[in-house]
Amino acid sequence: MLEFARMLMSILGLGLPFGLIMVMSGRVKYRNELDTFLRIIAAFCISIIVYWAIGYGLYSGETIQGFIGSTTGFSHRNDLLQGESDLRLLVLFTVPAISTAAAMAERGKYHSGNLLSMFVAVAIAPVAAHWAWHSDASGDGWLFARKFLDSGGTIVIFISSGFAALAVSLSLGARLGRFPMQMGRPRGQGPTWYGMGVISVVISIVTLTAMNSSSLGEMTAAFYVLLIGSSFATLAGSFMLVIMRRGEMTQNISTSVLAGTVALTSVAANAEPADAALTGMLAGAVSIGFNRILVTIEVDDPGELISAFLSGGFVGGLMAPLALKEYGDSLANEFVTQLIGIGAIGAWSFLVTFIAAQFLRFAGGLRVSEIDEKRGLSVTHFGFLSEPDFMISNVMRLNDRQMLGSGERNSVLVKISTDFTQAIVSLHDATIRATDRILSTSTDPRKGAAMVARIRLAEDSVRVKAEDIMMLLEEILRKGDEGDLNSERFLQWGQAALDRLLVPVKTDIDKLARHIPLQAELAELEGIVITAAEVLSAGAHQIELLRDLEEAQIDGFFANDHICDIAALLHERSDRIKALAEVRNRPIQIDCPVTEGLTVIGDANAFARILTLTVEGALNRQLSSGIKPVRLELKEHSSGQYVVLDCLDTGTSLSNRQIRAIREPLSEDRALDELGLNQILPLILAARLVRSMGGEFAISSEHQAGTHLRCRFRKRQKKGQNPGRKAA
């Protein structure tokens with residue numbers, strides 16, 4: 001009976017890699033779902049092959065000074081996969097490679113990623129397992145000889161996986177748009193997939209851990225301990241989120257559950273329920289804090305696997321001696337041994353993965369181009385196009401949420417989403433019908449096929465921008481209740497503003513869809529589809545500004561404990577600002593007497609956004625060609641206590657209502673269509689950002705004299721410097 005139970009649980013353990021696939025599939029955008037799925041499947045298969053060919057020998061072969069096993073004579077061994085424990089190891093040894101593949105989600109090259117996963121499968125888990133678990137007549141692994149405790153793989157598997165994924169994420173950098181201003185994580189494909197994946201991973205880890213028991217009674221006790229600890233981890237994570245007043249409840253609580261389960265694999269064998277509860281609480285709380293640290297230092301963790309594995313592995317590794325009572329005469333010595341093991345395995349996993357990633361980065365590239373990343377990796381790697389059906393499902397999901405939430409608020413969002421969806425689907429259907437009709441009468445099939453390929457590429461851009469707008473629509477009012485302004489008023493204002501911004505977009509798309517059947521040439525049809533993509537791109541930009549404004553209402557949203565040299569930042573960003581003006585075919589002049597030294601307190605990303613928004617607002621008012629250049633000037637105030645950013649333009653003047661709306665958006669909550677919202681929205685957001693950074697915002701505008709915008713920030717004084725000293 002015991003053997004049958006172990007066999008059954010070893011098979012259930014296969015849910016671990018497939019649960020990780022569901023976790024990642026639920027946390028990426030639609031345009032990357034197929035690529036992420038196939039990437040992780042490839043990592044899983046590569047790991048199995050590598051374990052069979054090389055990894056098993058590196059782990060269990062005759063030891064070489066306790067550091068690595070010998071693979072000599074592997075083909076003559078007959079002890080590979082002869083029992084349930086071998087199948088358990090086979091499943092666990094796939095986790096580091098899968099974590100590596102997951103860390104490359106939405107931005108990594110497919111073939112380079114597979115090479116990196118193969119290297120990790122060879123160099124990480126087998127070597128670490130030999131250190132901690134190997135013991136035979138040839139000798140013991142060097143950590144095993146020091147009585148290092150890690151029977152469940154908390155450190156060998158999950159710590160190494162977390163550090164390998166961390167090295168990959170640092171090598172690649174964050175996804176586009178992940179950290180514009182320490183904003184919330186990008187919306188994923190579906191929380192249902194993510195939740196089911198977390199449940200599958202937890203169940204698989206529990207079964208793989210419990211199958212190590214030597215009797216059915218111990219197996220039942222291990223299940224009991226794991227369930228108790230996981231429950232306490234969930235409660236600890238929820239409590240931490242309430243204290244921190246964070247809104248990302250589902251994802252962060254799921255991270256706590258994963259971290260608690262990972263931590264408990266090291267203590268489930270013989271721990272008391274009270275020890276398991278303490279371990280679970282610590283792991284759940286630490287995972288929330290570690291996740292916030294990664295966000296603060298802008299390390300991209302697509303599925304929260306890095307924070308879950310590292311926090312759970314660290315807490316579980318340190319709690320093992322205390323919970324298992326296996327520390328002999330000195331608990332302190334056992335803690336030191338555990339720290340040495342964690343440090344050695346973590347350092348090895350991070351360094352070898354980072355070196356391999358850097359080599360691939362410089363040899364053949366590790367990250368896709370910006371254009372491919374925006375188009376989506378499913379198209380880039382496999383030519384798979386996401387159809388407009390995803391928008392229909394989004395609308396249906398929003399409609400279900402409407403019935404569960406406050407009806408009036410969500411009903412507005414559902415109506416806007418539905419109308420926009422219908423416009424996009426109509427455009428898509430009209431394009432397909434027109435393409436088929438024109439091709440059927442074409443006299444040159446080869447030329448027609450080439451033109452159709454170009455139209456399909458332009459259509460892909462339409463889908464990508466439409467998906468961006470749909471996700472923004474869902475996010476736009478999600479956190480309104482957390483704002484430090486009057487939340488209900490802001491929500492109503494945001495709904496009205498969103499409606500005003502999307503009306504011209506939907507109108508243009510409808511007109512283009514009606515105009516498509518009149519076309520007789522594929523080139524003309526391509527021009528219409530490209531125009532639709534440009535219309536959607538402009539609309540997505542405006543809606544993103546509105547979303548950013550909504551996000552900026554949250555207290556503590558920006559990191560005010562950072563230090564930023566605005567002069568150096570302006571010098572770095574000047575080329576981009578000039579490019580923005582050049583695209584609008586408008587002149588600009590940037591004046592700054594120094595290239596560094598104007599240091600203030602605040603987040604550099606927020607200051608960079610302020611620079612861009614002030615210029616964008618000025619360029620929006622430049623409606624004629626015979627005007628003076630926009631002038632952007634950064635200088636130190638004569639008192640030496642402030643840094644002043646001035647933006648002057650001679651474009652169309654702002655009305656008193658527009659200026660009041662820029663300063664206080666809610667003061668002008670009626671007749672938004674008369675305000676020229678798309679022109680002043682960048683300045684509304686800029687004003688909010690300035691105040692979030694503790695600065696002062698002032699704006700004045702007169703006919704024929706132009707508009708003057710001034711942002712003033714308190715300068716950070718050096719030690720020993722007199723605040724009253726006049727600037728030179």
Undergrad: Testing the basics here: between Ser112 and Leu366, what is the closest heavy-atom pair and its distance to 0.1 Å?
TA: CB-CD1, 3.8 Å
Undergrad: For the pair Tyr110 and Phe382, name the ring-plane relationship: parallel under 30°, tilted 30 to 60°, perpendicular over 60°.
TA: perpendicular
Undergrad: For a 4.5 angstrom cut-off between non-hydrogen side-chain atoms, does Glu304 reach Val23?
TA: no
Undergrad: For Leu570 and Leu632: C-alpha separation, side-chain torsions, deciding distance, then whether side-chain contact (heavy atoms from CB on, under 4.5 Å) applies.
TA: CA-CA 10 Å; Leu570 177 59; Leu632 191 67; 4.0 Å; yes
Undergrad: Can you tell if the side chain of Glu373 reaches within under 4.5 Å of the side chain of Arg367, non-hydrogen atoms only?
TA: yes
Undergrad: Of the non-hydrogen atoms in Ala618 and Cys647, which two are nearest, and what is the gap between them?
TA: CB-SG, 4.0 Å
Undergrad: Do you know which two heavy atoms are closest between Ala513 and Ala430, and how far apart they sit?
TA: O-CB, 3.9 Å
Undergrad: So, do Leu645 and Val690 sit near enough that their side-chain heavy atoms are less than 4.5 Å apart?
TA: no
Undergrad: Please test Leu427 against Ile516 for side-chain contact (heavy atoms from CB on, under 4.5 Å), starting from the C-alpha separation and ending with a verdict.
TA: CA-CA 8 Å; Leu427 178 72; Ile516 283 177; 3.6 Å; yes
Undergrad: Are more than 12 heavy atoms from other residues, nucleotides or ligands located less than 6.0 Å from atom NE2 of His571?
TA: no
Undergrad: Taking the side chain as C-beta and beyond, is there a heavy-atom pair between Met24 and Arg39 under 4.5 Å?
TA: no
Undergrad: At their closest point, which heavy atom of Asp646 faces which heavy atom of His708, and how far apart are they?
TA: OD1-NE2, 3.1 Å
Undergrad: Can you tell me how far apart OG1 (Thr707) and CD (Glu702) are? Round to the nearest 0.5 Å.
TA: 9.5 Å
Undergrad: Any side-chain to backbone donor/acceptor pair from Arg107 onto Gly173? Under 3.5 Å, distance only.
TA: yes
Undergrad: Run the numbers on Phe18 and Ile40 for side-chain contact (heavy atoms from CB on, under 4.5 Å), then give the verdict.
TA: CA-CA 9 Å; Phe18 292 105; Ile40 296 180; over 6 Å; no
Undergrad: Would you say that Ile659 contacts Ser701 through its side chain, given a criterion of any heavy-atom pair below 4.5 Å between the two side chains?
TA: yes
Undergrad: Distance from Leu709 atom CG to Phe697 atom CZ, nearest 0.5 Å?
TA: 4.0 Å
Undergrad: So, for Glu526 and Arg454, which heavy atoms are closest and what is the spacing to 0.1 Å?
TA: OE1-NH2, 3.0 Å
Undergrad: Once you round to the nearest 0.5 Å, how far does CD of Gln589 lie from NZ of Lys578?
TA: 10.0 Å
Undergrad: Can Arg514 and Asp510 be said to form a salt bridge (charged side-chain N to carboxylate O under 4.0 Å, His left out), step by step?
TA: CA-CA 6 Å; Arg514 289 194 299 269; Asp510 285 336; 5.1 Å; no
